Amino acid sequence: MRPLRIGNFSGFYGDRSDALREMLTGGEVDVLTGDYLAELTMLILARDRLKDPSAGYARTFPRRLEDCLGLAHERGVRIVTNAGGLNPAGLAGEIRRLADRLGIPVRVAHVEGDDLTAAYPGTLAAHAYLGGFGIAECLRAGADVVVTGRVTDAALVTGPAAAHFGWRPDDHDRLAGAVVAGHVLECGTQATGGNYAFFTEGDVRRPGFPLAEIHADGSSVITKHPGTGGFVDVGTVTAQLLYETGGARYAGPDVTARLDTVRLAQEGPDRVRIEGVRGEAPPPTLKVGLNRLGGFRNEVVFVLTGLDIEAKAALVREQLADALAKSPPSEVRWELVRTDRADADTEETASALLRLVVRDPDQQVVGRALSGAAVELALASYPGFHVLAPPGKGAPYGVFEDVYVPHVGATHRAGASDVDTDQVPTAHVSVSHMAVLHDGRRVPVPPPRETRPLAAVPDPPLPEPLPPGPARRAPLGLVVGARSGDKGGNANVGVWARSEDAWRWLAHTLTSDTFRRLIPESRDLPVTRHLLPNLRAVNFVVEGILGAGVAAQARFDPQAKALGEWLRSRHLDIPEALL
C-alpha cells in the first residue's frame with residue numbers, strides 16, 4: 001500500500017494565511033491538517049464565546065478556506081483541523097454554508113464530546129483532549145472536511161492514518177509511529193528550520209510547511225514540498241520531537257508512544273526517516289485542560305537612562321511604596337532589566353527598564369489608583385523620567401490547570417503501584433467522544449479496550465565518558481542544540497548533541513544540578529532529567545517555573561520559548577576536541 005501523505009498548513013492560531021494554498025499547489029498530498037489550539041488559544045476563544053455564544057472557533061479558518069475549498073475538492077485533498085475550538089458544530093455549519101454559496105459539493109463532519117465546562121463550575125472552558133478515532137470515523141464515512149474541538153495535536157495525523165490503513169485501537173506500535181509523525185508536523189515550520197538552534201545553516205527566511213509520508217507499519221518520512229524554503233534534517237526533526245515533551249513515555253488518549261525507541265535517519269535531501277517507534281496502551285485517564293479567570297494584572301515599565309541606574313530604580317520603588325501599601329495587591333513584582341551600555345551612542349542603548357507587575361482578584365486594586373500614583377511621579381522622580389506606555393486600568397488574566405478524568409469502559413492493565421500520581425483522576429466525569437458525520441448521523445467513539453497506567457522508564461545506562469583532555473570556557477550552544485516550551489505551569493528544555501562524542505560529553509555533564517546552576521530561576525524548583533540516547537538528547541522538565549501557565553504571564557518569557565536559547569548561551573568548560 002502506498003504511503004499516506006499528510007501535510008500541515010497551520011501550527012497555531014495566526015499562522016501564515018497563504019499556507020493552505022501553498023500546500024495544495026506545491027506537490028502531491030492526500031490530507032492537510034491545521035492545528036489552531038493551544039492553552040492560551042482556548043482562553044481567547046472562551047472569552048470570545050462570553051461575548052457571543054455562537055463564537056468560540058477560529059474565525060480566520062473559513063476566510064482561509066474560501067480561497068482554497070474548490071482547489072482542495074478538485075485535487076481530492078481532505079482537510080482535518082481543530083479550528084473548531086469550543087464550537088466545532090458552529091464551524092462545521094459555517095463551512096457548509098460557505099460550500100453551498102460557492103457551489104462546491106463538500107461533505108463536512110465534526111467531532112465533539114470534549115467540552116466538559118458544565119462539570120467544572122467557575123471555569124471559562126474545560127475540555128478533554130480526545131484522540132484520533134473520532135476523526136477516523138468521519139473520514140471512513142466519506143467526509144471531505146473534518147472539524148474538531150480539543151483533540152491532541154497528534155490526533156490530527158493519527159485519525160487520518162487509522163482511517164486510511166484500517167488500524168485498530170490495539171495497533172499500538174503503528175499508532176505510536178503516527179503520533180511521533182504528528183508531533184513533528186503539529187507546529188508547522190518548526191520542523192523545517194523555523195525557531196531552530198542552528199538556523200544559520202540554511203535559508204529559513206520563509207520555511208515551507210512539513211509533510212509526513214506515513215506507511216502502513218507506522219514508520220514515516222518527514223519532508224516538504226520541492227522548492228519551498230527551510231530545510232529538513234535530523235536536527236530539525238529532533239528539535240521538534242523534544243518540544244513540549246517530558247520523559248520516554250509520551251502519553252495520549254489513543255496510545256503511549258515510547259520516545260526512547262524513536263530512530264531517525266537522513267534518507268536524502270530534506271527527507272528524514274522515522275522508524276522503530278514502539279507503542280503501549282494509553283493511560284486510563286484523559287487529560288482535561290481548565291481555563292479560568294485568575295484575577296487582574298497591571299504593568300508599568302519605567303525607562304532609566306544613563307548614570308546611576310540602580311539609584312534611580314531604588315528611588316522609584318521607594319516613591320511607589322506608599323501607593324502599594326494603601327491597598328496592597330496580592331502580588332507585586334519588580335524587575336530591573338539592564339539593557340543599558342556605558343558610553344552608548346544611542347539613547348535607547350543607554351537605557352535600562354524597570355518593570356513593575358501587580359496582580360490581584362480586585363481590578364480596582366491594580367487599576368487607576370496604582371496607575372495614577374505612577375503617572376504622578378512624572379515631574380517628581382529621577383532625572384529623565386518616562387515610561388514605555390501609560391499604565392491602564394488593569395486587564396484580566398487567565399489561569400490554566402490540567403486534571404484527569406477516567407476513560408469509561410476501558411480494561412486497566414498493570415497494578416496500582418505503577419500509577420503516575422499526576423494522572424490520578426480528580427473528578428468522575430463522563431466523556432462522550434462523538435463523531436457527527438456529514439449526513440447528521442451521530443456515532444459514539446468507544447474508549448480504548450485496554451489501558452496501562454503510566455510509570456517512569458528507568459534511566460538507560462550512560463555512554464562511555466570522553467577521555468580527559470584540554471577544555472575551554474565557551475557557550476554550551478556551540479556544541480548542542482535546544483528547544484523549549486510550556487505545558488501549563490511547567491517548562492521543558494530538550495537539549496541534543498549532533499555527534500556521538502558530543503553526546504558522550506553532554507550525558508555526563510549536563511545534570512539536573514548543572515541545569516539549576518546555569519538557570520538560576522530553577523534552583524528552588526523540581527527539575528527532572530530524562531535521557532533519550534537514540535536522539536542523543538537530554539530533556540529537562542522544570543516544574544512551576546511558569547506559575548499558573550502562559551495566560552498568567554508569570555515571567556518575562558511566559559511560554560518558555562527562549563529558555564533553551566538562554567541555556568545555550570551559558571558558559572561551561574567544554575572539551576576542545578568538540579569545539
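In what follows, residues are counted from 1 in the order of the sequence shown. Small disclaimer: the values here were computed from a predicted structure and weren't measured.
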* To do: Compare every heavy atom of L567 with every heavy atom of L510, then report the nearest pair and how far apart it is.
  => CD2-CD2, 4.3 Å
* To do: Give a yes or no answer on whether the side chain of D557 reaches the backbone of A562 with a donor-acceptor pair at less than 3.5 Å.
  => yes
* **Whether H508 side chain and P463 backbone form a donor-acceptor pair below 3.5 Å** => yes
* Structure fact -> Rounded to the nearest 0.5 angstrom, the OG1-CZ distance for T238 and R498 is 10.5 Å
* Under 3.5 Å, is there a donor-acceptor pair between the side chain of N298 and the main chain of K393? -> no
* **Verdict with reasoning, D260 to N534, per side chain to side chain donor-acceptor pair (under 3.5 Å)** => CA-CA 6 Å; D260 55 341; N534 280 8; over 6 Å; no
* Structure fact -> To the nearest 0.5 Å, atom CD of E565 lies from atom CG of L476 at 10.5 Å
* Can any side-chain N or O of T192 pair as donor or acceptor with the backbone N or O of V232 at less than 3.5 Å? -> no
* Side-chain touch V151/D114, heavy atoms, less than 4.5 angstrom -> no
* Any donor-acceptor pair under 3.5 Å linking the side chain of S10 with the backbone of T33? -> no
* Between R150 and D153, is there a salt bridge with N-O shorter than 4.0 Å? -> yes
* To do: For the pair K312 (side chain) and L307 (backbone), establish whether a donor and an acceptor sit closer than 3.5 Å, ignoring hydrogens and angles.
  => yes
* To do: Could I get the full list of salt bridge (charged side-chain N to carboxylate O under 4.0 Å, His left out) partners for K224, not counting sequence neighbours?
  => D270
* Asked: Considering only heavy atoms from C-beta outward, does the side chain of Q190 approach that of Y243 to under 4.5 Å?
  -> yes
* **All salt bridge (charged side-chain N to carboxylate O under 4.0 Å, His left out) counterparts of D340, not counting sequence neighbours** => R338
* Structure fact -> Smallest heavy-atom separation, S330 atom then P361 atom, equals OG-CD, 3.9 Å
* Provide the closest heavy-atom pair for A125 versus L86 in the form atom of the first, atom of the second, distance. => CB-CD2, 4.1 Å
* Determine whether W503 and P533 make a side-chain contact, defined as any pair of heavy atoms from C-beta on separated by less than 4.5 Å. => yes
* To do: Report yes or no: is the cationic atom of R517 (NZ for Lys, CZ for Arg) closer than 6.0 Å to the six-membered ring centre of F515, at no more than 45° off its axis?
  => no
* Donor-acceptor under 3.5 Å (N87 side chain, A55 main chain) -> yes
* Structure fact -> So CG of D35 and CG of D15: to nearest 0.5 Å the spacing works out to 9.5 Å
* **D115: side-chain hydrogen bond (donor to acceptor under 3.5 Å, both in side chains) partners, not counting sequence neighbours** => R49, T117
* Hey, are the side chains of I519 and V527 touching, using non-hydrogen atoms and a 4.5 Å cut-off? -> no
* Within the side chain of Y13, is there an N or O that forms a donor-acceptor pair under 3.5 Å with the backbone of R59? -> yes
* Any idea which heavy atoms bring G188 and N8 closest together, and the distance? -> CA-OD1, 3.3 Å
* To do: Mind running side-chain contact (heavy atoms from CB on, under 4.5 Å) on L356 and V316 for me, showing each step along the way?
  => CA-CA 10 Å; L356 167 63; V316 174; over 6 Å; no
* To do: Sequence neighbours left out, what pairs pass side chain to side chain donor-acceptor pair (under 3.5 Å) with at least one residue falling in residues 474-496?
  => Q240-R483, N492-N539
* **side-chain hydrogen bond (donor to acceptor under 3.5 Å, both in side chains) partners for R206, two or more places apart** => D18, E22
* Exam field: side chain Q363 to backbone F296, donor-acceptor pair closer than 3.5 Å -> no
* Asked: Does anything in residues 463-486 pair up under ring-ring contact (aromatic ring centres under 6.0 Å, His included), and if so which pairs, sequence neighbours excluded?
  -> none
* Between F198 and R568, is there a cation-pi geometry (under 6.0 Å to ring centre, at most 45° from the normal)? -> yes
* To do: Check salt bridge (charged side-chain N to carboxylate O under 4.0 Å, His left out) between D362 and all other residues, then give those that pass, not counting sequence neighbours.
  => none
* Asked: What is the distance from atom OH of Y250 to atom CG of L241, rounded to the nearest 0.5 Å?
  -> 9.5 Å
* Pairing residues for S351 by the side chain to side chain contact (heavy atoms under 4.5 Å, CB included) criterion, not counting sequence neighbours -> V303, T305, E347
* Structure fact -> Of all heavy-atom pairs linking I574 and P475, the shortest is CD1-O, 3.4 Å
* Test side chain to side chain donor-acceptor pair (under 3.5 Å) applied to T514 and T511, step by step -> CA-CA 5 Å; T514 304; T511 63; 3.1 Å; yes
* Asked: Can we say R297 and E299 salt-bridge, meaning some charged N sits less than 4.0 Å from an Asp/Glu carboxylate O?
  -> yes
* To do: Given side-chain contact (heavy atoms from CB on, under 4.5 Å), test Y196 with V204 step by step and report yes or no.
  => CA-CA 9 Å; Y196 182 52; V204 295; 5.9 Å; no
* To do: For E401, enumerate each residue passing the salt bridge (charged side-chain N to carboxylate O under 4.0 Å, His left out) test, keeping only those at least two apart in sequence or located in another chain.
  => none
* Among all residues two or more places apart in sequence or in another chain, which pass the side chain to side chain contact (heavy atoms under 4.5 Å, CB included) test with V399? -> R292, Y397, A548
* **Atom CD of Q266 with >12 non-hydrogen neighbours under 6.0 angstrom** => yes
* Asked: Taking all non-hydrogen atoms of both residues, which atom of F9 and which atom of Y36 are closest, and how far apart?
  -> CE1-OH, 3.8 Å
* To do: Please list, chain by chain and in numerical order, all residues satisfying side chain to side chain contact (heavy atoms under 4.5 Å, CB included) with V387, sequence neighbours excluded.
  => V300, F302, F385
* side chain to side chain contact (heavy atoms under 4.5 Å, CB included) partners of D573, counting only residues at least two apart -> A471, R473
* **L324 vs V358 side-chain heavy atoms within contact, under 4.5 Å** => yes
* Structure fact -> Distance col, row L336:CG vs L354:CG, nearest 0.5 angstrom, shows 6.0 Å
* Distance in Å, R64 CZ paired with T81 OG1, rounded so as to fall on 0.5 Å steps -> 9.0 Å
* Inspect the contact between E464 and R504 and indicate whether a charged nitrogen and a carboxylate oxygen are less than 4.0 angstrom apart. => no
